[in-house]
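What follows is a set of notes on a single structure, which appears directly below.
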Amino acid sequence: MTDKKKLITTVALLCTLAVFLVGFLVMKNYNENNEVPGETTEETSVKVTEFKADELTNLSYVFEGNEYSFTRNTDTTWSLDTDELFPVKDNTVDIMATKLSGIEAEKTVENGDVESFGFDAPYLTVKGKYSDGTTVEFIFGKTNPFNELVYLKDVKSGKIYMAESTVMSPFKVALTDLIQTDKLPSDISDDFVNSLTITDEAGTSKAINPEMGMHLTEAMELFYKLEFPASNCKYTTEEGLADYGIGKSQAKVELSYKSPETIINEDGTSSTVQVDTDYKIIFGDSWVREETLEDEDGEPYVEKTVFYYYTTPGSTIVYSINENDYEKLMHYVGMTDDELYDVD
């Protein structure tokens, strides 16, 4: 090898070494400035709270700028402090109570830049009070980009932890997710439907039965759309139902079906029988939702959609079905028997 080639080879090796050295120093400096603090324990988890969830009497949290506060009732249900009429989905709040009462963290943070943890603009804040008077309060800050753990601060003790982001999951719910809506009966089977009777606003009725074939099938598909969605629902009192036209209109849908019921025989064995069961949905006034949208040219326009209120007897929650599906249901009232029985 000539001296010139040796020189070129040596320079190339030095350049390569320099690149590796610079890269090493950059990564070292980056890691030092962004190190994950708190690796001071070999424990796989740290117990942050250890309480009995059923002894939690008050719970509140702030998520996305909205604060929700609940008080446990004597019958173990929950009430929304700002609105006692609000139909709280108790099991959702129970899950929150369980999580708050048994928080586990991955590690304790004993060093690092606390100001960078995001506690000055919390992602989530949770408070609780127990039957013995004990109170707790926690602030959830930023998520660490290296291990995807969230910074958690115990406000009372000042301790800081890093926990799995799933600790926050039960509290990441909006008010509409906390409504205990009604449910259609789970024991309805199309094979055991006796009839679906539809009554219009004037009180004229039409019963659709299994002999009408596809007409009953299609009508049942419309019936299942009355599934009590939380979106657009309104909660009120029995007296307040009239404000939505409930009771004023005669429009309704009545389902007659056979429901399976288990009975005990004389010899002690059990068997299933089909029991005639009725279920009713009643309609109220129509209302119009207006949305401002943009066309293909970016010009704004107002889109109007008509809905009809509805509920089920005994409920104080009012729901909405769009005009198209409502009119399809009412269309059956105007059909003749010949049209309904003509299923070919």
Side-chain angles (χ1 to χ4, degrees), residues 87 179-234 241-242 244-263 270-289 304-344:
I179 298 177
Q180 181 58 65
T181 58
D182 297 286
K183 303 293 181 185
L184 289 173
S186 60
D187 57 356
I188 298 175
S189 170
D190 289 350
D191 295 331
F192 293 98
V193 171
N194 299 324
S195 65
L196 183 66
T197 302
I198 302 169
T199 304
D200 65 15
E201 297 175 22
T204 304
S205 300
K206 181 68 68 173
I208 308 173
N209 60 56
E211 295 180 7
M212 297 174 180
M214 68 176 186
H215 292 300
L216 178 59
T217 300
E218 293 173 353
M220 286 300 297
E221 289 178 356
L222 293 170
F223 172 82
Y224 289 130
K225 289 187 177 183
L226 300 167
E227 56 184 354
F228 308 113
S231 59
N232 292 327
C233 77
K234 313 288 184 180
L241 290 172
Y244 301 94
I246 303 297
K248 181 178 68 176
S249 171
Q250 297 187 60
K252 60 186 176 181
V253 174
E254 298 170 283
L255 176 67
S256 173
Y257 68 102
K258 295 186 183 298
S259 173
E261 183 176 299
T262 301
I263 62 171
S270 63
S271 58
T272 300
V273 296
Q274 300 296 329
V275 180
D276 286 332
T277 307
D278 297 317
Y279 188 78
K280 183 191 299 184
I281 288 176
I282 50 181
F283 296 96
D285 291 337
S286 63
W287 65 279
V288 180
R289 182 182 68 191
K304 296 182 179 181
T305 307
V306 179
F307 294 87
Y308 281 83
Y309 291 119
Y310 70 92
T311 189
T312 187
S315 174
T316 54
I317 306 179
V318 180
Y319 307 87
S320 295
I321 181 176
N322 67 66
E323 181 184 37
N324 184 45
D325 289 332
Y326 175 83
E327 294 295 346
K328 285 181 180 179
L329 272 172
M330 295 302 137
H331 172 72
Y332 287 102
V333 178
M335 295 180 69
T336 65
D337 287 345
D338 289 340
E339 291 174 323
L340 289 169
Y341 280 103
D342 183 12
V343 294
D344 294 332

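The figures that follow rest on heavy atoms only: side chains count, while hydrogens, waters and symmetry mates do not.
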Is the closest side-chain heavy-atom distance between [X] and [Y] below 4.5 Å?
X	Y	value
Cys233	Ile179	yes
Tyr332	Leu196	no
Glu323	Thr305	no
Glu254	Asp278	no
Ser259	Gln274	no
Met212	Tyr341	yes
Val253	Tyr310	no
Asn232	Arg289	yes

Using 0.5 Å steps for rounding, measure from the [atom1] atom of [X] to the [atom2] atom of [Y].
X	Y	atom1	atom2	value
Asp325	Phe307	CG	CZ	10.0 Å
Leu340	Met214	CG	CE	9.5 Å
His215	Asn209	NE2	CG	11.0 Å
Met220	Leu255	CE	CG	5.0 Å
Ile198	His331	CD1	NE2	10.0 Å
Leu222	Glu327	CG	CD	11.5 Å

*Test log, rule side chain to side chain contact (heavy atoms under 4.5 Å, CB included), inputs Asp285 and Ser249*: CA-CA 7 Å; Asp285 291 337; Ser249 171; 5.8 Å; no

Give the minimum heavy-atom separation between [X] and [Y], together with the two atoms involved.
X	Y	value
Gln250	Thr199	O-CG2, 3.5 Å
Ala219	Ile208	CB-CD1, 3.9 Å
Thr262	Thr272	OG1-OG1, 4.1 Å

_Criterion side-chain contact (heavy atoms from CB on, under 4.5 Å) against Phe228, the qualifying member of Val318, Thr311, Ile281_ = Ile281

*Dump the intermediate steps for side chain to side chain contact (heavy atoms under 4.5 Å, CB included) on Asn322 and Lys225, then the final yes or no.*
CA-CA 10 Å; Asn322 67 66; Lys225 289 187 177 183; over 6 Å; no

*Residues in ring-ring contact (aromatic ring centres under 6.0 Å, His included) with Tyr279, at least two apart?*
none

_Proximity of Phe283 and Tyr308 rings by center, below 6.0 Å_ = no

*Would you mind telling me which of Tyr244, Tyr309, Trp287 makes a side chain to side chain donor-acceptor pair (under 3.5 Å) with Ser320?*
Trp287

_So, using salt bridge (charged side-chain N to carboxylate O under 4.0 Å, His left out) as the criterion, who are the partners of Lys328 when residues are at least two apart?_
none

*Test side chain to side chain contact (heavy atoms under 4.5 Å, CB included) on Lys206 and Asp337 and set out the steps.*
CA-CA 9 Å; Lys206 181 68 68 173; Asp337 287 345; 3.3 Å; yes

*Could you walk me through whether Asp187 and Tyr257 pass side chain to side chain contact (heavy atoms under 4.5 Å, CB included), step by step?*
CA-CA 9 Å; Asp187 57 356; Tyr257 68 102; 2.9 Å; yes

*Can you name the residues that form a side-chain hydrogen bond (donor to acceptor under 3.5 Å, both in side chains) with Asp182, not counting sequence neighbours?*
Ser315, Tyr319

